[in-house]
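Remarks on the structure that follows.
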Amino acid sequence: MSTAEKVDILLLGAGGREHAMLRKLAESPRAGKLWAAPGNGGILAEAELAEGLDQNDPAAVAEFAKTHGIGLVVIGPEAPLVAGVGDAVRAAGIACFGPSGDAAQMEGSKLFAKQVMERAGVPTARYKSFTEQGPAEDYVRELAGPCVVKADGLAAGKGVIVAQTTDEALAGVRECFAGQFGAAGNTVVVEEMLKGPECSLLALTDGKTVIPLASSQDHKRALEGDLGPNTGGMGVYSPVPFVTPEEHEAMVEVERKVVAQLAADGITYSGCLYGGFMLTKNGPKVLEFNARFGDPETQVVLPRMKADLVDVFMRCDNGTLDGADVSWDDDWAVSVVLTSAGYPGSYEKGKEVTGIEEAEKLEGVTVYHAGTAMVDGKLVTNGGRVLNVTAVAGSFEGAREQAYKACELIDFEGKTLRHDIGARALRGRSAWEL
Ligand code: AMP
Ligand code: GLY
């Protein structure tokens, strides 16, 4: 296909990750008409919404793509991937960015992922899996201390209980088997607790070639000092300054081994494979895999990436990723998440958002929409995570300063943020317990 040939694109998802993907796709000389579903208040200004299209319905997505002459479907979130939307789109003869339903089990089943990791011989926490409560409780008592209890299936980021005590772990096991996470908790994985800083390493792959993307670090806890409940992510930066070249190579090697193992098992993994790692004193160990780009990691990784994203995504689908051209800007990105007061608990919606245009006038600043909507011509809050305020600059400190300056210019009732995104990383690795 010549570079001049344009491709109409349908992007599935509604978060800051999708807004960042859309902006990068739009930069490509090959980007034709852009469609999105369900989208958000920022996405709808830059793409046409596929009104009423259910992103989790494989047949409906494939049908929409066929009737609208879409040449590439890009799947942002995990639910459509696990539901097999990628399979239906490919069966209709249309290119798709995102793994098949089988391959997405790397995220859809923690036990599946553990078994692949075992076969591939990659370092991860020791574990056992259970389909009955009694034996799971016995194992927790046997561990007699901190451990992590995980519902096997997708639980919207809530199915992981990081337990400091046996009692907390037992409560977690009971929650899973009581159906707290639905069918996702019918199988439970109990694993050893790992210590160290976390690091995300996303990689693009066509099932053979693996291209690692820049490292990044999310801030999952709601409150400053990494306290409070887990959230979908309160802020992120890239790259991670204290990762050694050896650690980076070890993480890349894990990604390569997993893709090769899946291929040996008869599964072609194409799309983005997200490795979540703990940088332990014995080297990086896998915490989890996701079958997609991270949110909010994408909001700091893509702005620094020099590549034609349409070309790269097509190559992931058609098995020619070895010919892709991907390089990195030599700078830093920091993104701060502005949330609604009360998040991750209950919060109000519909508050008018102002100041985005002013914020984006600052050098290096981009504001990605997450939970926003347009109502009667006004931009309003429509979710817990409202905006991702990203700044790219020549230094880590500079990017932090610029992101926080931009956050000051944006306003909505209940605006809440962490002021310490990246602060711990600036103190270095010694800021983490090892
Ligand atoms: P997961 O969805 O498996 O990544 O788990 C969500 C979060 O729980 C991770 O980002 C870690 O902060 C934490 N976590 C998961 N597994 C472990 C582990 N084995 N040791 C310590 N923390 C963990
Ligand atoms: N940032 C964590 C995730 O995307 O799952």
Side-chain angles (χ1 to χ4, degrees), residues 15-17 19-20 157-158 160 162 196-200 215-242 276 278 287 294-301 303 332-349 351 353 355-356 359-360 362 364-372 381-393 395-433:
R17 165 183 53 208
H19 197 194
K158 296 194 179 75
V160 175
V162 181
E198 284 183 44
C199 180
S200 304
S215 61
S216 56
Q217 191 186 50
D218 193 1
H219 295 59
K220 291 204 162 112
R221 300 298 192 101
L223 306 176
E224 283 164 20
D226 292 319
L227 299 171
N230 262 317
T231 69
M234 297 296 291
V236 61
Y237 61 83
S238 176
V240 181
F242 50 77
M278 193 73 99
L287 292 172
D295 191 344
E297 286 89 339
T298 308
Q299 293 88 304
V300 286
V301 168
W332 300 80
V334 173
S335 186
V336 178
V337 180
L338 300 182
T339 69
S340 301
Y343 173 79
S346 60
Y347 51 82
E348 291 179 19
K349 294 183 182 176
K351 309 294 182 192
V353 182
I356 292 178
E360 286 200 317
L362 294 179
V365 170
T366 309
V367 180
Y368 298 115
H369 291 238
T372 67
T381 64
N382 192 39
R385 292 191 292 170
V386 178
L387 297 168
N388 309 129
V389 182
T390 299
V392 176
S395 71
F396 193 178
E397 291 89 337
R400 280 195 77 216
E401 266 171 37
Q402 198 72 341
Y404 279 114
K405 243 190 243 169
C407 288
E408 289 293 309
L409 296 172
I410 297 172
D411 205 24
F412 56 88
E413 195 188 315
K415 178 181 95 171
T416 304
L417 65 152
R418 273 182 63 165
H419 293 89
D420 64 344
I421 301 306
R424 203 168 167 188
L426 277 176
R427 301 206 304 276
R429 178 171 299 235
S430 58
W432 276 268
E433 191 187 339

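Position 1 is the first residue of the sequence, and the numbers go up from there.
With Leu387 as the fixed residue, the side chain to side chain contact (heavy atoms under 4.5 Å, CB included) test singles out one of Thr381, Leu417, Val367: Val367.
Looking at every heavy atom in both residues, Ala406 comes nearest to Ala359 through O-CB, 3.8 Å. Smallest separation of non-hydrogen atoms from Gln217 and His219: O-ND1, 3.7 Å.
Glu198 is listed as a side-chain neighbour of Leu287, based on a closest heavy-atom distance under 4.5 Å. For the pair Tyr404 and Arg400, the minimum side-chain heavy-atom distance is below 4.5 Å. Side chains of Tyr343 and Met234 form a contact here, defined as non-hydrogen atoms less than 4.5 Å apart. Between Tyr368 and Pro303 there is a side-chain heavy-atom pair separated by less than 4.5 Å. Between Trp332 and Tyr237 there is no side-chain heavy-atom pair separated by less than 4.5 Å. Put simply, the side chain of Glu397 reaches to within 4.5 Å of the side chain of Leu426, judged on heavy atoms. Within the 4.5 Å cutoff, side-chain heavy atoms of Arg385 are placed close to those of Pro296. Residues His369 and Val353 are not in side-chain contact: their nearest non-hydrogen atoms beyond the backbone lie 4.5 Å or more apart.
Partners of Arg221 under the side chain to side chain contact (heavy atoms under 4.5 Å, CB included) rule, at least two apart in sequence or in another chain, are Asp226, Asn230, Arg418.
Dense packing is recorded around CD of Glu360, with more than 12 heavy atoms of other residues, nucleotides or ligands lying under 6.0 Å away.
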In residues 333-341, what donor-acceptor pairs under 3.5 Å come from side-chain atoms, sequence neighbours left out?
residue : atom : partner : partner atom : Å
Ser335  : OG   : Thr390  : OG1          : 2.9
Thr339  : OG1  : Thr416  : O            : 3.3
Ser340  : OG   : Gly383  : O            : 2.8

